[in-house]
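Below is one structure; the comments refer to it alone.
When a residue number appears, it is its place in the shown sequence, counting from 1. For clarity, every value in this text was computed on a predicted model and none was experimentally measured.
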Amino acid sequence: MTRTPRTDEWGIDATWLDALDEEHQVSEATIERLREVIGTPPADLEDRAPIVARPGDVLEVDEAEVTLEDGSTRYVDGELPEDFPLGYHWLQAPGGPRRRLVVSPGRCWLPDERAWGWAVQLYATRSRGSWGIGDLADLRAVREMAAQQGAGFVLINPLHAVAPTPQQEASPYLPATRRFRNPVYLRVEEVPGADAVDLGSDAGRALNEGGLIDRDAIWARKREALRRVFDAGGRDDPAFPEWWWHQGQKLQDWATWSALADAHGPDWHTWPEELRDPRSSAVGDFAAEHERDVAFHAWLQWALHLQLERATEGMTVIQDLPIGVAGGGADAWTWQDVLAQGATVGAPPDAFNAQGQDWGSPPLVPWQLRAADYEPFVESIRATMAGAGGLRIDHVMGLFRLWWVPAGGSAADGAYVRYPAEDLLGIVALESSRARAVVVGEDLGTVEEGVREAMAEHGILSYRLLWFEEEPPAAWPETAMAAITTHDLPTVAGLWTGADLEEQRERGTGTDEELERGRTSLLEKVPGLRKNARPETAVKRAHELLAQAPSLLLSATLDDAVGERRRPNMPGTTDRPNWSLPLPVTVEDLPGHPLLQTVARTLAEGVTGS
């Protein structure tokens, strides 16, 4: 019997079910605190909130004038005609407010043919030309290798920008913005104007010698070289100001925030009060006085745009959308009225995290998001999938509900807050169809009833992992991306050799009994191996199983393909160099790596059926 939680007018669920289907009551104190944070919607919200519909849908409005995106006018009377153009329009009913009308196809774009591809932690994928970190030239090389192997896509970690300050945020999942990219991924020698400057490339490449990825040192050297290129004339290319103009206010805001962060630190809450409002005259004065610094940060985004175009040319590159942004970052500064002040996003207690999780990002307030015509969501989706043909939505369940943690409380003291899922899914489908971008929803962990059904209805692929699924890959759905592991879970070699278990013991992520039980359950997912089998044999066997999945997309990590024993990130650890472990094989040596060749051949045969 399905138990539907009571949801109040603020969107807060009074109860929640854990992974064992046990019901928990949310405390009154949590509910009251979250109500304060969410605030009360205006009485006329339903009359002026956006309408998200499909052609043929009945609208609860009388005859209304619709101004289309192209400036032309149509009239609708109760129902959208089947031939109504898709897009973002404006509806004006007689005597009513002007409302945004989003007309969506309802389903995401999907490719006609099955494909396999590589999942890549780009920062870890270094070449001999890298400056200590994998960059967009390295992505281009991986894409070229993948194409030669017959792969159809590459899945990469989030490339979103962090604060440009000396202390760099390591986690790709806590960016300052979900609309712009991180210039640490630039290949300095390939930015416009680089040939006119002595870049100090030898010193840059020497950063590869470090056993870990030192983002602070890498960014310091890259930034200094990039600024010299910019000052020496790199900004003079006439294509740059034209591109900047087309980006509009959003790039101006990002570049201004970046210059302000250089001057006052990465958290806008600590800035002088007059600079905390992005539309204040003080911010305008600062931008005018620091025009060259603002232009530098805009120029970096132009250079990233050019290099990403080259890196992804001719292949689907699925980019990752984090669940949120840093509370002190640029998006939080620009949209501070839409983001909650006094709560962060996380997850309730479960079998893997007894205390729950707090991911540190402020959530979007559902009614404020509607009042903002969904623009923060639209811009984040559009920017992340731009130009590359694919999107992976981290924690896709967040389109339906998110676990809010009140400030000052533990993750266990939170509650679920509901979101307008149908509207958000409609927007994802519209952006997908326009960009011809495949969309994957990361639906791992506790997935509420109805979520996967809604994903399937809207053409969003499920994400199925060998480590998580009870059924063997051959029984997995076709409408999915199939994989063995993720950045947060053990690699095959790490699991098989016990190296991952040993590191978990060292880091104190669980009791010996819990860790042994977890390893045993995962080893059962790779049957048919001798106990003394080499780790390479275990990797091969795991991918033979994966190749049996009928799923539309099959994904293998480069980490597994080169026999890496360390996972990129170990949740629950603070003393581990998460997100900073380079691959043990350089980009130049990847194509000739025997195990990688075996994995590629295995998945290619799985897709073609040969």
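- For the 3.5 Å distance criterion, the side chains of Q548 and W476 fail to qualify, holding no donor opposite an acceptor.
- Counted by atom type alone, T486 and D488 present zero donor-acceptor pairs between their side chains at under 3.5 Å.
- Within the 3.5 Å criterion, the main-chain N or O of E457 finds a donor-acceptor partner in the side chain of R107.
- Ion pairing of E448 with R418 is present here, as a side-chain N (NZ or NE/NH1/NH2) and a carboxylate O approach within less than 4.0 Å.
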(request) Report the C-alpha separation of Q252 and W254 in whole Å, then their side-chain angles, then the decisive distance to 0.1 Å, and conclude whether the side-chain hydrogen bond (donor to acceptor under 3.5 Å, both in side chains) test is met. (result) CA-CA 6 Å; Q252 182 67 26; W254 162 255; over 6 Å; no
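- Listed for the E453 side chain is a donor-acceptor partner under 3.5 Å among the backbone atoms of G450.
- Between the side chains of D138 and T125, not a single donor N or O lies within less than 3.5 Å of an accepting N or O.
- Remark: Y374 OH to I381 CD1 distance equals 13.5 Å, nearest 0.5 Å.
- Applying the side chain to side chain donor-acceptor pair (under 3.5 Å) test to every pair with at least one member in residues 323-339, sequence neighbours left out, gives these pairs: T177-D331, R179-D331.
- Using a 3.5 Å distance cut-off with no hydrogens or angles, the side chains of T384 and H160 do pair a donor with an acceptor.
- A cation-pi arrangement is present between R401 and Y416, with the terminal nitrogen or guanidinium carbon under 6.0 Å from the aromatic centre and inside a 45° cone about the axis.
- For the pair R98 and W90, the cation-pi test (distance below 6.0 Å, angle within 45°) is passed.
- Inspection of the E65 and Y75 side chains reveals an N or O donor paired with an N or O acceptor under 3.5 Å.
- With hydrogens and angles ignored, the 3.5 Å screen pairs a side-chain donor or acceptor of S433 with a backbone N or O of L430.
- Counting non-hydrogen atoms of other residues, nucleotides and ligands closer than 6.0 Å to CG of D62 gives a total of 12 or fewer.
- Side-chain atoms of Q92 come within 3.5 Å of backbone atoms of G96 as a donor-acceptor pair (strictly under, hydrogens ignored).
- Applying the ring pair (Phe, Tyr, Trp, His ring centres under 6.0 Å) criterion to Y185, with sequence neighbours excluded, gives no partner residue.
- Y173 and D394 share no side-chain donor-acceptor pair at under 3.5 Å.
- A salt bridge links R74 to D83: at least one charged side-chain nitrogen sits closer than 4.0 Å to a carboxylate oxygen.
- Scored by the salt bridge (charged side-chain N to carboxylate O under 4.0 Å, His left out) test, R100 finds E375 as partners (sequence neighbours excluded).
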